[in-house]
Amino acid sequence: MNSLLFRRAALAVSAAVVLPLTLAACSSDDSSKDSAAGSTPSASTPAESPADDSTTMDKPFGPACSSVPKEGAGSFDGMAQDPVATAASNNKKLSTLVAAVKQAGLVDTLNNAQNITVFAPTNDAFAKIPQADLDALLADKAELTKVLTYHVVGEKLTPKQLEKGSFGTLEKSSLTTAGSGTEYTVNDSSKVVCGNVPTANATVYIVDTVLMPPK
């Protein structure tokens, strides 16, 4: 009888010891699963934030940019390697401007300047000037120099600065700019057709009308 009671007591003690351990193990497994489940969101790759629109303005923009070669000295990458007058000479759309710069003896002046902005008229812009007037301008070095240096600002201008700006030129008078996004005008008349073009020493905004300094 005493032996039987002893066995029952021993079984009860064993059960009392094993049961809490089993429950603890189950609880540990459940908490591990919960922890793993809870950690899933943090382990996932966060969604990428949308690209900042301002990054697009670090690149050239405008309808005439599509005509720029993809490769070579006349491409955007090629122009970025050369000073501004040399870079312009590699762009066929700017050949009249380049000839005028050479005629005025301004190649070295532009190439050696630092951190400037050039509003560069296209060939079509010069074609808007009556031929007799254009010939007279090209033949008058002093007046030609005045007109060409009016297209040059002594600092690099960002598109943001063009939204509503007034800037002194190398000709010693001022020009104004206005616009937003990818559409800008200079002096309320000349449109930027390919803007924010980098060269080694300048930022170029190609325009569709020759700018005339105030009299």
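The shown structure was predicted, so the numbers you read here are calculated from the model rather than taken from an experiment. We're numbering straight along the sequence, starting at 1.
- The CG atom of L138 sits 4.5 Å away from the CG atom of L134 when rounded to the nearest 0.5 Å.
- Transitive grouping of hydrophobic side chains (ILVMFWY, heavy atoms separated by less than 4.5 Å) keeps V68 and F61 in distinct clusters.
- At distances below 3.5 Å, at least one donor-acceptor pair connects side-chain atoms of S190 with backbone N or O atoms of T209.
- Distance check, rounded to the nearest 0.5 Å: NZ of K102 to OG of S89 gives 6.5 Å.
- A donor-acceptor pair under 3.5 Å is absent between the side-chain atoms of N187 and the main chain of S189, judged by distance alone.
- You'll find the side chain of M212 reaches within 4.5 Å of the side chain of I129, heavy atoms only.
- In this view, S75 satisfies the side chain to side chain donor-acceptor pair (under 3.5 Å) rule with no residue, not counting sequence neighbours.
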Practice prompt. Show your working on side chain to side chain contact (heavy atoms under 4.5 Å, CB included) between N196 and T203 and close with a plain yes or no.
Written response: CA-CA 6 Å; N196 209 31; T203 298; 3.8 Å; yes
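- The two residues T149 and T145 have their closest heavy-atom pair at OG1-O, 2.7 Å.
- Cluster membership check: V210 does not share its hydrophobic cluster with V186, using side-chain heavy-atom separations under 4.5 Å among Ile, Leu, Val, Met, Phe, Trp and Tyr.
- No donor-acceptor distance shorter than 3.5 angstrom exists from the side chain of D140 to the backbone of A136, with no hydrogens or angles considered.
- Counting only distance, with no hydrogens or angles, the side chain of S173 and the backbone of P214 share no donor-acceptor pair below 3.5 Å.
- I116 CD1 to E155 CD: the interatomic distance, rounded to the nearest 0.5 Å, is 11.5 Å.
- Across A100 and L148, no two heavy atoms sit closer than the pair O-CD1, 3.5 Å.
- Note that the CG atom of L144 and the CG atom of L106 stand 7.5 Å from one another [nearest 0.5 Å].
- Taking CG of N201 as the reference point, atom CG of N115 lies at 8.0 Å (rounded to 0.5 Å).
- Linking ILVMFWY residues whenever their side-chain heavy atoms come closer than 4.5 Å, directly or via other members, places L211 and V192 in the same cluster.
- Residue C194 comes nearest to F76 through the heavy atom pair SG-CZ, 3.9 Å, listed as atom of the first residue, atom of the second, then distance.
- Within the 4.5 Å cutoff, the side chain of P83 has no heavy atoms near those of the T199 side chain.
- Residues V152 and L110 approach most closely at CG2-CD2, 3.9 Å, considering heavy atoms.
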Just list the side-chain donor-acceptor pairs under 3.5 Å for residues 159-167, sequence neighbours left out, or say none.
residue: K160; atom: NZ; partner: E163; partner atom: OE1; Å: 3.4
residue: Q161; atom: OE1; partner: T158; partner atom: N; Å: 2.9
residue: Q161; atom: OE1; partner: T158; partner atom: OG1; Å: 3.4

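- Between the side chain of D124 and the backbone N or O of D208, no donor-acceptor pair lies under 3.5 Å.
- Taken together through direct or relayed side-chain contacts under 4.5 Å among Ile, Leu, Val, Met, Phe, Trp and Tyr, I206 and L157 form parts of separate hydrophobic clusters.
- Across all their heavy atoms, P121 and F119 have their closest contact at CD-O, 3.3 Å.
- Residue K141 places its NZ atom among 12 or fewer non-hydrogen atoms of other residues, nucleotides or ligands, all under 6.0 Å distant.
- In the hydrophobic clustering of this structure, V101 groups with L170; members are Ile, Leu, Val, Met, Phe, Trp, Tyr whose side-chain heavy atoms approach within less than 4.5 Å, directly or through other members.
- Atom CG of residue D133 and atom NZ of residue K128 lie 15.5 Å apart, to the nearest 0.5 angstrom.
- Between the N111 side chain and the A85 main chain, a donor and an acceptor come within less than 3.5 Å of each other.
- A donor atom on one side chain and an acceptor atom on the other are found under 3.5 Å apart for N123 and S95.
- Shortest non-hydrogen contact noted between A125 and V207 is CB-O, 4.0 Å.
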Worksheet entry | CA sep, side-chain torsions, deciding dist, call: V153, Y205, side chain to side chain contact (heavy atoms under 4.5 Å, CB included) | CA-CA 11 Å; V153 173; Y205 291 89; over 6 Å; no
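- With hydrogens and angles left out, the side-chain atoms of Q131 and D135 include a donor and acceptor closer than 3.5 Å.
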